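Structure first, commentary second.
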There are 2 protein chains.
Amino acid sequence: MDRRQRKSREAIFTAFTRLLEKQAYHQITVQDIIDEADVGRATFYAHFETKEYLLKDLCEELFGHIIDTAMGLPHEHYHYSCGMTTDSVFLHLLRHLRENDRNILALLSSRNNEIFLQYFKTNLKKLVKTQFADTGKLKESKLPEDFLVNHISVSFVETVSWWLAHGTKETPEELAEYFERIIAPLV
Amino acid sequence: MDRRQRKSREAIFTAFTRLLEKQAYHQITVQDIIDEADVGRATFYAHFETKEYLLKDLCEELFGHIIDTAMGLPHEHYHYSCGMTTDSVFLHLLRHLRENDRNILALLSSRNNEIFLQYFKTNLKKLVKTQFADTGKLKESKLPEDFLVNHISVSFVETVSWWLAHGTKETPEELAEYFERIIAPLV
DNA sequence: TCCGTTACCGAACATTCTGTATGGTAATAA
DNA sequence: TTATTACCATACAGAATGTTCGGTAACGGA
């Protein structure tokens, strides 16, 4: 990829992120973005069809990475079956959130948090599905599997959301403990 | 209130609702709304400052009513303490959703569902807070109260969302049963 | 180092939507 | 009946969108 392309794309991403941290998404204009990024109008449209596609690409970069990493972790049932004290995948996610580039936590706690929490939830669902697939654990509760997968994903994202809204006072370990206590009866 | 005012306001609400059921909120223009409602441009702005305020007013009408009704119900702990078989407030909500005017379920399951689920959640939180206030039930779990209030509210809304996304195959009673099973360990 | 390619810029453009203003008309409430 | 007022049609300025185009310079391969 041409260095100029990378630079422009990166400049737009960074500018967009900066704007998202202080302004509401829907009142950010393409004009705002190219002013902040200091690129030409035509350049923006050469990279992204619309503002919405820019958001989509940003989110895929943000959550795609964090979820893919967690995908490689051992599945939940290893934790129980072999007696090893592996950290739960959820604790891993919480720790990862703090170390991510482009300040993912800032976006998740900005005034645009709903947008990003939504993307987070969607991606997390895939992870939860593979984590708990074929463990048989979920079936014991006699509730539909995708109902539970959805419930667990949503609950985690909302736990993170609550955490951020209250100033991230708890440690990742404490928060993971909260979360485990909530879904423990189900898995 | 002047009859003409009521008619215009109602026409705008109805047109807006109709549009929301098929188009994405953000690409609905004021022009679309006044065309559908068949009112003048100036009339729209005499009633609503912006499209966003229209949405806000619509949501307050939709959820304000449904929540206020439920507010008058006996609190959850009556159910347990006096042994009466009163329906849970959640079952009541589910039944109410189907009978509401202006087709609230259509909006909750439209492509704009996220917007309305969000409003639903916000309003529900108030209800849950008063329902479980001072019952002491929540404190037994040793989790922060507003963490639990948030969790219960979100879980209910997501349960409804899941229900709609799967064609509302379950009866309100079955769904309430699902939901109770999920939060039962906490309350 | 040279050269063809290509990303970028600045500027201009038509188009669409917004929110406001105005003067005339007709429905309303008292 | 009469004063009020909500409404309409129209026009308008301002802003944002998405596209086009010719010129410039950075790039990567040879």
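Computed from a predicted structure; not experimentally measured. All chains are named by letter (A, B, ...) in the order of the sequence lines, taking the proteins before the strands, and each is independently numbered beginning at 1.
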[X] vs [Y] side-chain heavy atoms within contact, under 4.5 Å:
X     : Y      : answer
A:L97 : A:L108 : yes
A:V30 : A:T50  : no
A:I12 : A:L54  : yes

A:K51 to A:Y25 six-membered ring, cation-pi geometry met (6.0 Å, 45°): yes
For nucleotides 11-18 of chain C, give me every protein contact, N/O to N/O, under 3.5 Å, one pair per line with atom names.
residue	atom	partner	partner atom	Å
C:dT18	OP1	B:V30	N	3.2
C:dT18	OP2	B:V30	N	3.3

Rounding to a whole Å, what distance do you find between [X]:[atom1] and [N]:[atom2]?
X     : N      : atom1 : atom2 : value
B:R6  : C:dA29 : CZ    : C1'   : 12 Å
A:F48 : D:dT19 : CZ    : P     : 15 Å
B:D2  : D:dC7  : CG    : C1'   : 10 Å
A:I12 : C:dC9  : CD1   : P     : 9 Å
A:H26 : D:dT17 : NE2   : P     : 13 Å
A:R9  : C:dC8  : CZ    : C1'   : 17 Å
B:L54 : C:dG19 : CG    : C1'   : 15 Å
A:F44 : D:dT17 : CZ    : P     : 9 Å

I want to check one thing: is the phosphate of [N], taken as OP1 and OP2, less than 4.0 Å away from some side-chain N or O of [X]?
X     : N     : answer
A:S8  : C:dC8 : yes
A:T43 : C:dA7 : no
B:H47 : D:dC7 : yes

is_close_aromatic(A:F63, A:F120), centroid dist under 6.0 Å: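 Yes, the ring centres sit under 6.0 Å apart.
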Near-ring test B:F13/B:F48, centroid separation under 6.0 angstrom: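 Yes, ring centres under 6.0 Å apart.
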What nitrogen or oxygen pairs link the protein and nucleotides 25-27 of chain C at under 3.5 Å?
residue	atom	partner	partner atom	Å
C:dA27	N3	B:R4	NH1	3.2

Side chain to side chain donor-acceptor pair (under 3.5 Å) partners for B:N150, two or more places apart: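 Result, side chain to side chain donor-acceptor pair (under 3.5 Å) vs B:N150: A:E158, B:K125.
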Partners passing side chain to side chain donor-acceptor pair (under 3.5 Å) against B:E114 (at least two apart in sequence or in another chain): A:Q118
A:K56 bridged to A:E52 by N-O distance under 4.0 Å: no
Side chain of B:V39 - closest among D:dC8, C:dG19, C:dT28: D:dC8
Enclosure of B:H65 NE2 (heavy-atom neighbours >12, cutoff 6.0 Å):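 Result for NE2/B:H65: open.
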Partner of A:F179 by ring pair (Phe, Tyr, Trp, His ring centres under 6.0 Å), out of A:W163, A:F90, A:W162: A:F90
Global bending angle along the helix from C:dT1-D:dA30 to C:dA30-D:dT1, which compares the axes of five pairs at either end, to 10 degrees: 50°
By side chain to side chain contact (heavy atoms under 4.5 Å, CB included) - contacts of A:Q31 (at least two apart): A:T29, A:I34, A:D35, A:R41
